[in-house]
There are 2 protein chains.
Amino acid sequence: MKAIEDLVSMLARLPGIGKKSAARIAFHILKADEHYAASLAEKILALKEELKFCSVCGSYTDEDPCSLCTSALRDKTVICVVEQAQDVMTIENSREYRGVYHVLGALLSPLDGIGPDSLKLNKLLDRIRDQAVTEVVVATNPTVEGDTTALYIKKILENSGVKVTRLATGIPVGGDLEYADRLTLARSFRSRVLF
Amino acid sequence: MKAIEDLVSMLARLPGIGKKSAARIAFHILKADEHYAASLAEKILALKEELKFCSVCGSYTDEDPCSLCTSALRDKTVICVVEQAQDVMTIENSREYRGVYHVLGALLSPLDGIGPDSLKLNKLLDRIRDQAVTEVVVATNPTVEGDTTALYIKKILENSGVKVTRLATGIPVGGDLEYADRLTLARSFRSRVLF
């Protein structure tokens, strides 16, 4: 049974997978047709080999520069700043945004020793200058680190003439006031909109 | 991004993994060290190659017969009958049972065309006769199919002198009456024990 135990302990290290789910998954793979296991293993290996980072915006891509940066359909004068490469895919899935992206790679966190030099900010400033950018949408998470980073970006762009915006924080769609936490509720009051 | 999308769609077919969890897992693998992805892929392939079924009891094993069937520490006069091979591991994890096992491979389900011939019942009867078995513990799930199968086994062993028992059904440890479903509650009443 070592083969099962080995796989279960590897799977249990994945996010959101406990020991029980890992066992269920392992047995599922074991019972699935031969092709599935081989194909799953192959896709896992392909992931690391095929994916690169875009040298312009820093998001995941097959080709450099990425399809978003080279697309004629995207508005190059608006840059959405995100923490990590996968945030680009999350935002793309919402099909709301038509500009381009910039991945910071980290958020400011003085306690963890992550200062402005750890973020790809110089590259962002270069892009803003070279491409006649008019708006920077800061899409960092509404956490202490995300808020700090957003404020920092707002500050360094203060006299650049670029409009700096931030994603709205509030009660999620389909959410319930009763279950909203105090801070979210406070923020959604502060950012209330005309209706 | 094809590499990510491919892996996400493979992962989303696993039990308990939706599209969002699949994406989280894919990004985790992408960000994990090189060694993890290679090792995970290898374990998935090894699973199918290394695991066999025990020719005696039918459970998963590295060597045939399995370590449970050959162990001198296990009581060969008690056989626990389970539906599928992975149930053996589940029961072993509870560290309560010291007998041996018999995997049926399926449960009776007339509507799906699964009759007694689809179950490894003849082999069970052979083992009972050859090994002086005194007790058969039927550990099928408390579902319609599991109950039907348990009753069928009880019936075919009626005049064999072998004691046929069944796992207790009732409110789970740490459970709450309020959340127990009607059938579970009814069964736990019917099977109430002296305290």
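By convention in this document, chain letters (A, B, ...) are assigned in the order of the sequence lines, proteins followed by strands, and residues within each chain are numbered from 1. Just so it is clear, the structure is predicted and the values come from calculations on it, not from any experiment.
- Proximity to chain A is absent for every atom of Lys52(B), based on heavy atoms less than 4.5 angstrom apart.
- In this structure, CG in Leu30(A) is found 4.5 Å from CG in Leu47(B), a value given to the nearest 0.5 Å.
- Side chain of Thr143(B) to backbone of Gly146(B): a donor-acceptor contact under 3.5 angstrom is found.
- In terms of heavy-atom pairs under 4.5 angstrom with chain A, the leader among Ala23(B), Cys66(B), Ala41(B) is Ala41(B).
- Taking the charged nitrogens against the carboxylate oxygens, Asp6(A) and Lys43(B) do have a contact shorter than 4.0 Å, which makes a salt bridge.
- No donor-acceptor pair closer than 3.5 Å links the side chain of Arg74(B) to the backbone N or O of Ser67(B).
- Annotation: residues 114-135 of chain A contacts chain B through no residue [non-hydrogen atoms, separation under 4.5 Å].
- Neither the backbone nor the side chain of Ser21(B) comes within less than 4.5 Å of any heavy atom in chain A.
- Rounded to the nearest 0.5 Å, atoms CD1 (Ile17(A)) and CZ (Arg24(A)) are 10.0 Å apart.
- By the 30° and 60° cut-offs, the orientation of the rings of Tyr36(B) relative to His28(B) is perpendicular.
- For Gln86(B), the parts lying near chain A are the backbone and the side chain together; criterion is any non-hydrogen pair under 4.5 Å.
- Most heavy-atom pairs under 4.5 Å with chain A, from the set Arg13(B), Glu42(B), Glu50(B): that is Arg13(B).
- Neither the backbone nor the side chain of Lys20(A) comes within contact range of chain B, judged by heavy atoms closer than 4.5 Å.
- To the nearest 0.5 Å, atoms CG (Leu14(B)) and CD1 (Ile29(A)) are separated by 5.5 Å.
- One finds the CG atom of Leu68(B) at 9.0 Å from the CZ atom of Arg98(B) (value rounded to the nearest 0.5 Å).
- Of the two parts of Gln84(A), only the side chain, counted from C-beta on, holds a non-hydrogen atom closer than 4.5 Å to a non-hydrogen atom of chain B.
- Both the backbone and the side chain of Ser39(B) come within less than 4.5 Å of a heavy atom in chain A.
- Comparing Glu49(B), Lys2(B), Met10(B) by how many heavy-atom pairs each has under 4.5 Å with chain A, the most go to Met10(B).
- In this structure a side-chain-to-backbone donor-acceptor pair under 3.5 Å is missing from Tyr152(B) to Leu108(B).
- In this structure, Tyr101(B) OH and Ser59(B) OG are separated by 9.0 Å, a value rounded to the nearest 0.5 Å.
- By number of non-hydrogen pairs under 4.5 angstrom with chain A, the leading residue of Pro15(B), Ala46(B), Ala32(B) is Pro15(B).
- Put simply, of Leu11(A), Asn93(A), Asp62(A), Thr90(A), the one with the most heavy-atom pairs under 4.5 Å next to chain B is Asp62(A).
- Ion pairing between Lys19(A) and Glu5(A) fails under the 4.0 Å rule for side-chain N and carboxylate O.
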